Every structure is written in C-alpha cells, then in structure tokens.
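Notes follow the structure.
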Amino acid sequence: MYTNADQLRNKIDELEAQIQVVKPDFIFITEVLPKTNIDIDCISPLFNIEGYIAYPSKNTGRGVIIYAKSNFCVSPNEYMNSLYDDASWCNWVKDNKTVLIGSIYRSPSNQNSCLNIIGLLNEAARLYNNILITGDFNMRDIDWNFWTTPHSEDHYEHTFIEALRDNFLYQHIDKPTRFRENQMCRTLDLVITKDESNIDNINIDAPLGLSDHATITFDFLYSFNEYETGKSKYKYSKCDFEKFSEDFSNFDWDSSFEDKDISEMWKIFYEKYKNVSKRYIPKTNPKPGCQPKPLWLTFDCLSNIKRKQKAWSRYLATRRAVDFDFYKVARNRANENVRKAKKEYEKLVASKAKTEPKHFWTYVKSKVKSKSAVSNLMKPNGNLTTSDKEKATVLNDFFTSVFTAENPNNIPNIEERNFESSLDHFVINQDTVEKYLLLLNGSKSMGPDNIHPLIVKNDTKIYAPTSKSDVLQNDLDALYDWSKLWDMKFNVNKCKQIHYGRNNPENVYTMNNIDIIKDEQEKDLGIIFQNDLKFSQHISSKINKANSILGLINRTFIFKDQYTFLRLYVALVRPHVEYGNTIWYPHLKKDINAVEKVQMRATKLIPDIRHLSYEDRLKVLKLPSLTHRRRRGDMIQAFKILKGFEDISYERFFTVISTNTRGHNWKLAKPKYFLSFVCDNCTKTFCLEHKFPDTHSCSLEFATSTNKKYEGVRSYNCVYDNCDKRELLPVVCEKCHLNFCLSHRHPQEHKCTKLEVKEEKCQTALHVQKILESKQSKQDGKKPKKASKTAAKVALMKMKMKATGEKGTPETEKVYILIYLPKTLSLAAKPMYFSKTWSFGRIIDFVASSVQMKNENNTGSEKKLRLFNHESGRLLPMEKTLDSLLSEEVIFSGSSVILEYVTTECSQLDNTEDYKSSSTAHGYRTRSFINRGIHVFS
C-alpha cells in the first residue's frame with residue numbers, strides 16, 4: 001500500500017484503521033512531515049505501527065517511511081540511502097534472493113533533484129535484478145498511457161522517461177492519483193519495477209485524511225514455485241515420422257470407409273490417429289513436485305555435473321590433495337559445459353526467433369519470476385471466487401448476458417438476386433490438399449481436431465481420397481436498421497466518431513437517436529490515428545513495446561553476442577518500430593530521435609561493442625539506421641505507386657517531370673505554394689492553382705452587387721532600369737515608395753535615391769582600402785593582373801579552406817589567423833581559427849598542443865611562448881581576448897601573428913619580415929593581403 005500523507009502525525013490513527021481492512025505486507029508513506037513548523041522527525045515513536053517495523057529516511061526534506069511486517073527479513077540499504085536524502089531503501093530477502101524496496105519523494109519546486117533521482121534509478125537497475133520503487137515524483141505533464149510529455153527533449157520529464165527506458169524499467173500507474181479542487185487531475189504517484197508482470201490488482205482508493213493524493217494498493221508478484229506436475233504431454237518433435245506414415249499407409253481405408261457417412265469416417269480416422277500416436281510419439285513423464293528441467297540442459301552437461309558431485313564426495317571421504325585436483329578438473333569441465341550448453345541453446349532460439357517465435361517465448365517464460373493469472377472475481381451475491389472453475393463460470397455468465405437474444409422465428413426474407421454465374425461444380429483432389437498441408441506452420445497449436453500440424457505437415461500420406469454529413473448520417477441509419485432487422489444490433493456505447501481537419505464542423509452523428517461518443521484517437525490496423533494526424537501517441541506506444549521486448553531479451557539471455565543479438569533484434573524488436581511507417585513517418589526531431597534511440601539502446605546490449613559510438617556499432621553489426629530504413633521504405637512505396645503495383649493513381653501524390661537532362665524519366669516533384677493570391681473579383685484568398693476566377697468558380701453575383709467589373713488579374717511592373725519583371729502583389733520600397741520586383745526590392749539593389757550614405761565605413765572596408773591604396777602606390781603605375789579587392793577575398797577564402805581549429809566552434813565566433821611558428825622549429829606557417837572569446841594565453845596553449853611543440857609557460861623556465869603582432873611586432877597580452885583586440889582594431893580576421901620563445905621582459909619583436917620569408921621557404925606561401933592583416937569577413 002502506498003500514499004502521500006501530507007503530514008502523517010494527524011492521520012496515523014486512520015492509517016492504522018485502514019491497515020486492518022487492507023492488511024498490506026508493505027506500506028510506503030511520503031511527505032510524512034509538515035512543510036513548516038517541523039518539531040518532530042521520521043524516527044519519532046508517534047509513527048510506530050504495531051506489527052510493522054519502520055524504515056525512515058534521513059531527517060531532511062518532507063520525510064519518507066517504509067513499513068514492513070515484523071516477520072519479514074528486511075534490512076535498510078545504507079548505500080542507496082546515502083545517495084538521496086528524501087528517500088528510503090531496504091533489502092527484502094525472500095527465497096534466498098534479494099528484492100530492493102524503495103520509496104522516493106521529489107519536491108515540485110526542486111527541478112535539479114530530478115537528475116539525482118535518475119542517478120538513483122540507474123544505480124538500482126545496475127545493482128539489482130528485482131526492484132520495487134514507489135513514490136511521489138511530481139512529473140505533472142507526463143501522459144503515462146503513452147509515455148509522452150509536451151515538453152522539449154531538454155526538459156527533465158523527457159529525461160526521466162528516457163532513463164526508465166534505458167534501464168528497462170516499467171511504470172504501472174496510468175490513472176490520476178492527485179485530486180485537487182479546481183485543478184486538473186494528475187498522475188504524480190508512481191510504481192516502478194523491472195518486469196511488467198510484477199504488479200497486479202492496482203486499486204486507486206480514497207486519500208488518507210484531507211490529503212489530495214489517493215491511496216494505491218497493489219499486489220507485488222515476486223516469485224512462484226508452482227510447477228505443473230503430473231500432466232503427461234506428447235513430444236511431437238520426437239515423433240518417428242517414418243513408422244507413423246507406414247502404419248497409416250498399410251491401413252485399409254477403402255473397406256473401412258465403405259458405406260459410411262462423413263461423421264463415421266471421421267471417428268474411424270481419429271481413432272486410428274490416436275492409436276498410432278500412442279505408439280510412435282513419446283510422452284513426457286514429470287515427477288510430482290519436481291522442478292522442470294532447464295530447457296538448455298543437455299545429456300553431456302548433466303553427466304559432467306554428476307561426475308563433479310562424485311569427485312567432491314570422493315574428496316570429502318579421503319581429504320587427499322590428488323582427489324581435490326580431480327575435483328577441480330571435473331568442476332571446471334562441468335562449468336564449461338553448462339556455459340556452452342546455455343550459449344548453444346540461446347543461439348538456437350535466436351536463429352528460430354523469426355520463423356518459430358514460440359521457442360523464444362517458451363524460454364522467456366521459463367525465466368520469468370512472476371506469474372500472472374486471473375484475479376479473484378466477484379460473484380453476483382457479492383462473494384469472491386475461490387477456484388478456477390468459479391472464475392470461468394462468472395466470466396461465462398457475464399459474456400452470455402451481453403449476447404443478443406435472437407428470435408429464430410423472426411428471420412427476414414432474403415431478396416432474390418440474379419447471378420451471372422453459379423458455383424455448381426468444384427473438385428478437391430489430392431494434389432490441392434497436399435499443397436495446403438505443406439504450407440502449415442509446424443510451430444502452431446492444434447486446432448479443434450486435436451491433430452498437431454507438425455504431424456500433418458510431415459506425413460501427408462494420412463489423406464484418403466473422398467461525406468457529406470447528411471449522407472453519412474443516412475448511412476448510419478441504414479446500417480442500424482439492417483442490424484436490427486437481422487438481430488445483430490450495434491452496441492452504441494462502443495461506437496466512436498473522430499473528426500479530421502482544422503476547419504471540420506464536427507457534426508454530431510447519432511445511432512438509434514443516441515449521440516455517438518466523440519474521440520480524439522482511434523486504432524486501426526495496429527496504427528493509432530489522432531485527430532491532428534501527428535501520430536505522436538502511436539510512436540510512443542511502439543517505442544514502449546519495443547523497449548519492453550528489449551528488456552525481456554536483456555533479462556533472459558546471458559550470452560548476447562553479435563549473432564544472437566542480430567537475430568533477436570531483427571525478428572522481435574525492429575518490426576515494432578517499422579510496421580506501417582510509411583503512414584506514421586515521423587517529422588518532428590524529438591520523434592525521430594526517440595525512435596532511433598530504440599536501436600541505440602539495443603546495440604548497447606552487446607558487451608563487445610557497447611564502448612563504441614552508435615555509428616561505429618552500426619558499422620560492426622552492418623545495420624542501417626532506422627531513419628535510413630524509413631526513407632528506403634518510402635522509396636519502395638513510391639516505386640509501387642508509380643509502377644501500378646498499388647491501386648492508387650500516382651497523380652494524386654506526385655508530378656512527373658520530363659526533362660532533357662541526364663538521368664531517368666521518373667523525376668518527381670510536388671508543387672510548392674509560397675504566396676497567397678487575392679482575387680480582384682471576390683477578394684478571397686486562393687493558392688497558385690486556383691488564383692484565376694475560372695478555376696475557383698468566382699461568384700459573379702458578388703461582382704454585380706459591388707458594381708465592379710472584372711478586368712483580369714492585376715500585375716505590378718518593376719520601375720528599375722531595363723527590368724521587365726512583373727509581380728502579382730505590389731513590392732514597395734520603404735524609402736522611395738516605388739514599386740519593384742523581388743530581385744530589386746532592397747534599397748541597395750535598386751540604388752535607392754533616398755538611401756542615406758554613411759560617412760563612416762566599417763573597419764574592414766577601411767582596412768582593405770588602406771592596404772589597396774598602399775599597394776597601388778608601389779605598383780608604379782603598373783596595371784594589376786586582377787582586381788586587388790577580389791584577390792584579397794580569395795586569399796582569405798583559401799586560408800579558411802586550410803585553417804584548422806577546435807571542432808564545435810560556432811561559425812559566428814570564428815576568427816581566422818595565420819600563425820608563424822618559432823624559427824628554431826623550421827615549420828611552415830599554420831592557418832588556424834579560434835573563438836573570439838578565447839584569451840591569447842589559451843590560443844598559445846592550443847597552438848602548442850596542435851603542433852606538439854614544447855610549452856613551459858606554467859613552469860619556471862626562463863623562456864616562454866608569446867604572441868606578437870606581425871605588422872608592428874608588439875606583444876599581444878595573454879590575458880586579453882580576441883574580441884577585445886578586434887574592437888580596438890589591433891587585430892582582424894585574417895591577420896598574421898608570430899609565436900616565439902622569448903624572455904618574460906620582451907615586449908617587442910624585431911625583424912618580423914624574416915618569419916615571412918622563412919615560412920615561404922618551408923612550404924607555405926601567402927599573399928600580402930593576409931600578411932598585412934586584411935579584415936575581409938567579420
């Protein structure tokens with residue numbers, strides 16, 4: 001039993017009374033202490049309950065207490081209790097196995113505590129195979145029916161959901177648990193386990209006292225030791241098919257079936273089948289009260305275990321070292337055989353997972369620690385059922401009560417129908433029957449004839465030859481009248497209506513004068529359709545289903561190598577997130593990432609490659625990403641539509657473009673509508689396809705009433721010189737108020753006369769102009785080979801192509817600099833980029849690390865690495881940032897600096913041009929525009 005007490009001191013008496021009714025084994029209480037005026041703590045004797053032992057949390061926060069029955073073997077878990085204050089953790093030992101029991105409270109005002117709780121869940125899932133966690137987690141906006149939240153991927157609620165999925169944990173509460181007046185009911189109190197079948201009989205009961213949190217009671221199904229004994233079953237896989245077939249073939253079927261009807265033939269046949277089955281199909285002989293043999297246990301494995309036991313007995317009798325050595329050899333061999341047998345069996349199950357999934361589920365069932373069954377049901381007299389027979393009777397009585405009582409004397413007359421052809425002759429021959437028998441799946445169960453398909457498939461010789469709203473409402477009325485006529489009435493309470501489209505009038509439809517329930521989603525052919533067609537709930541449900549299968553694989557299979565994983569994943573997990581994805585193809589980034597995380601989580605289960613990145617894991621496993629497979633599926637579907645494999649006209653989806661360019665003749669396009677068009681006649685807005693009056697059935701009455709004559713579609717000329725373009729909408733300049741086309745709409749593009757010319761040019765332009773003028777004076781009247789301004793831009797662009805730096809630096813923060821390295825290294829200059837927020841000290845450390853040069857700036861060495869301006873030779877202060885010197889115009893993007901070993905007193909570097917010639921000699925040539933520090937791009 002769990003509840004949030006909202007201070008327990010004044011509710012302890014009611015809790016003790018409720019315990020007498022529910023009689024729980026464990027009680028979980030959160031918010032034990034009051035919010036203010038805390039004068040007691042959780043270990044106070046006021047909170048003691050007779051017959052239970054209390055395990056409180058630390059004396060901080062609102063307080064949490066776990067009550068366990070005094071006869072249970074329970075002890076506090078000190079390690080888990082040390083990780084988070086407002087939680088209580090215990091170890092419950094049962095059947096020589098430990099169950100971790102925990103209860104957590106998270107304050108809604110403390111969002112940072114969510115990361116601590118996620119760390120708790122990670123530790124609990126890592127250390128324990130059996131866990132039960134309850135608590136008030138205050139995750140207000142999570143919809144636990146679909147495990148979705150309206151918040152972004154960075155929100156703590158989304159992080160909490162992903163933490164549960166990563167650890168293969170299951171949250172069982174999907175109904176509201178907190179009820180406050182004038183507020184929306186929310187699911188704040190949760191119950192978390194590792195296995196979906198661990199929890200049963202969940203009840204949301206009345207709160208404790210004046211608390212607004214409901215009381216939750218549930219059954220925790222930890223383990224069971226009930227074995228089906230005494231039932232003998234046929235082992236069809238061990239059947240002697242050759243003798244079975246021979247016995248059937250030698251039987252004289254013709255004389256046995258002579259003068260017999262179909263029923264008598266079937267009795268003769270079935271009696272023969274039972275007699276032959278007893279002869280050639282072995283049976284299991286379970287011993288009463290014995291545990292079934294493990295599925296992976298082989299004869300060799302069992303023999304080695306027996307030899308190990310004999311060796312141990314011999315050693316106990318003699319106590320000789322030589323006998324102990326014999327025991328160790330037998331022990332190691334037995335352990336090796338056990339591991340080998342289990343590994344081989346798991347590989348066998350994985351290889352058959354796609355064709356015979358029954359083997360997988362049988363193996364999973366053998367490992368499940370809890371057993372789900374039909375709970376006790378209430379009989380009409382108010383008492384509960386006590387046996388399976390009574391449960392079956394209650395269920396049968398209920399189902400028969402909802403059946404339609406048909407009147408066989410009131411069967412309507414069937415109208416005569418004319419058929420063009422009639423089926424008056426058909427032939428069943430041996431070849432046809434044999435063909436369909438061979439298609440039987442031998443792993444399926446027996447039908448009502450009690451003949452196993454494996455027998456029929458392997459022995460075919462046993463055969464012996466012998467839209468509009470009013471229209472929709474009318475359809476509903478006609479359908480209901482037909483069902484009433486034939487005594488097949490619809491259950492109106494189970495009928496639903498769903499409306500699609502933003503402008504849908506949402507008409508109310510009725511059946512038998514009863515309004516049909518309006519719904520926002522409906523599941524059809526396994527896909528959940530929402531009324532907004534976003535499919536987010538379907539995506540979340542499929543992710544949860546795939547994640548639960550992954551959890552089963554993780555808990556069941558010990559040896560998860562690449563071979564085993566691939567077959568299990570491809571056969572059992574991936575189909576859940578791929579079925580019908582052409583319909584629900586995700587477009588939101590959060591949905592795409594959520595689906596891809598299923599495969600990310602799955603590939604981490606392989607121990608050999610879990611340390612690799614996701615992309616590297618896919619390469620090792622030769623798996624494509626799920627995004628790639630969805631895109632490939634769309635291409636296949638488009639191919640089917642275009643080639644006529646689907647009964648759909650491709651013109652409804654695509655437009656085929658016939659061009660003279662290279663390639664194929666099936667280039668597809670969809671029209672794009674960027675502009676809306678207003679009709680000059682009716683003043684309504686239309687798309688490109690319906691912009692003309694004759695394409696949208698323009699109302700002539702409207703034009704007549706307004707005395708407006710239609711003169712065609714108006715267009716607007718561009719007044720720019722030599723431009724003959726027209727626009728359907730006016731594009732007016734804000735400064736000169738003249739009309740232009742889209743190409744000349746900006747003032748700079750049409751040389752607007754009202755554009756204010758700024759006297760101050762940007763620093764980049766001034767710097768470029770200054771260097772260009774100085775270069776022009778040095779040319780002595782010679783005509784340059786190309787425009788100097790263009791050459792400067794090209795030079796900086798080439799520098800950007802070769803520059804290296806720290807990955808992840810935002811493009812808007814990059815500053816490109818040419819670094820001249822110390823002369824003693826005889827290395828070429830190195831173009832690099834840095835963030836403008838970096839200091840020059842950080843730049844020195846980064847450059848030294850990149851070229852693997854000696855850096856003793858943080859030691860007592862006499863010479864240090866320093867940066868100097870290449871033009872002036874001045875020292876660049878280490879504490880200043882690039883951004884500060886950019887604003888002071890000391891340095892620009894594209895400048896050159898010198899890195900050199902100097903003494904701490906050096907503030908000026910001479911002969912800076914020597915570095916340029918040295919760098920050119922060692923293989924890096926640069927134009928003078930870069931060396932002079934031209935600032936081309938900011």
Side-chain angles (χ1 to χ4, degrees), residues 227-258 260 264-288 290-306 337 340-342 344-363 365-366 428-466:
Y227 308 112
E228 295 184 0
T229 59
K231 293 183 180 180
S232 182
K233 298 180 181 179
Y234 283 112
K235 299 173 67 175
Y236 292 99
S237 60
K238 304 294 184 181
C239 174
D240 189 344
F241 292 108
E242 184 176 352
K243 293 182 178 180
F244 193 102
S245 176
E246 183 180 354
D247 199 330
F248 258 93
S249 301
N250 295 333
F251 187 75
D252 188 3
W253 295 102
D254 293 334
S255 59
S256 300
F257 287 166
E258 188 176 359
K260 300 291 192 304
E264 293 173 338
M265 290 180 184
W266 169 251
K267 290 180 181 179
I268 295 172
F269 172 80
Y270 190 62
E271 286 296 326
K272 179 63 177 177
Y273 169 76
K274 290 195 297 183
N275 294 332
V276 176
S277 298
K278 292 177 182 179
R279 232 174 289 160
Y280 302 112
I281 304 177
K283 280 187 173 183
T284 58
N285 295 312
K287 297 179 181 180
C290 293
Q291 183 176 355
K293 184 181 72 172
L295 299 173
W296 50 264
L297 189 61
T298 61
F299 178 78
D300 291 340
C301 184
L302 193 60
S303 299
N304 280 281
I305 292 175
K306 290 180 180 179
N337 274 325
K340 182 180 178 181
K342 184 175 287 189
E344 291 299 325
Y345 181 78
E346 290 185 351
K347 279 190 175 183
L348 177 65
V349 171
S351 64
K352 294 182 178 181
K354 191 169 186 178
T355 56
E356 300 180 25
K358 184 178 291 187
H359 291 280
F360 170 79
W361 294 110
T362 302
Y363 187 49
K365 186 178 179 181
S366 68
I428 300 177
N429 54 40
Q430 183 172 352
D431 293 336
T432 304
V433 175
E434 184 175 359
K435 174 185 174 182
Y436 284 101
L437 289 178
L438 290 173
L439 295 176
L440 289 175
N441 190 343
S443 64
K444 298 297 183 180
S445 302
M446 294 183 291
D449 55 5
N450 290 328
I451 300 178
H452 200 280
L454 191 63
I455 300 297
V456 181
K457 183 175 182 179
N458 285 276
D459 188 4
T460 59
K461 294 180 182 178
I462 64 173
Y463 168 75
T466 1

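Keep in mind that this is a model prediction, so the values were computed, not measured.
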Tightest non-hydrogen contact, residues Phe244 and Ile281, listed as CE1-CD1, 4.1 Å

The side chain to side chain donor-acceptor pair (under 3.5 Å) partners of Lys272 (sequence neighbours excluded) come to Asp247

d(Lys274 NZ, Lys278 NZ) to nearest 0.5 Å is 6.5 Å

Output for pair (Lys342 NZ, Asn337 CG), nearest 0.5 Å, gives 13.5 Å

Between the CG atom in Leu295 and the NZ atom in Lys365, the distance rounded to the nearest 0.5 Å is 11.0 Å

Residues passing the ring-ring contact (aromatic ring centres under 6.0 Å, His included) test with Tyr345, sequence neighbours excluded, are Tyr363

Rounded to the nearest 0.5 Å, the OH atom of Tyr280 sits from the CG atom of Asn275 at a distance of 11.0 Å

Taken to the nearest 0.5 Å, the spacing of Ser256 OG from Glu264 CD works out to 12.0 Å

Neighbour count above 12 (heavy atom, 6.0 Å) for Glu242 CD: no

- prompt: Under 4.5 Å between any side-chain heavy atoms of Asn304 and Leu302, yes or no?
  reply: no

Shortest non-hydrogen pair, Leu297 vs Cys301, comes out as CD1-SG, 3.7 Å

By ring-ring contact (aromatic ring centres under 6.0 Å, His included), Trp266 pairs with (sequence neighbours left out) Phe269, Tyr270

Rounded to the nearest 0.5 Å, the CE atom of Met265 sits from the CD atom of Glu258 at a distance of 10.0 Å

- Task: Look at the side chain of Ser277 and the backbone N and O of Tyr273, then say whether any donor-acceptor pair between them is shorter than 3.5 Å.
- Result: yes

Can you tell me if Ser255 and Asp252 form a side-chain donor-acceptor pair at under 3.5 Å? yes

Has Lys260 got more than 12 heavy atoms of other residues, nucleotides or ligands less than 6.0 Å from its NZ? yes

In short, Ala341 meets Trp296 closest at the heavy-atom pair CB-O, 3.6 Å

Worksheet item: Taking NZ, NE, NH1 and NH2 as the nitrogens, is one of them in Lys243 or Glu246 under 4.0 Å from a carboxylate oxygen of the other?
Response: no

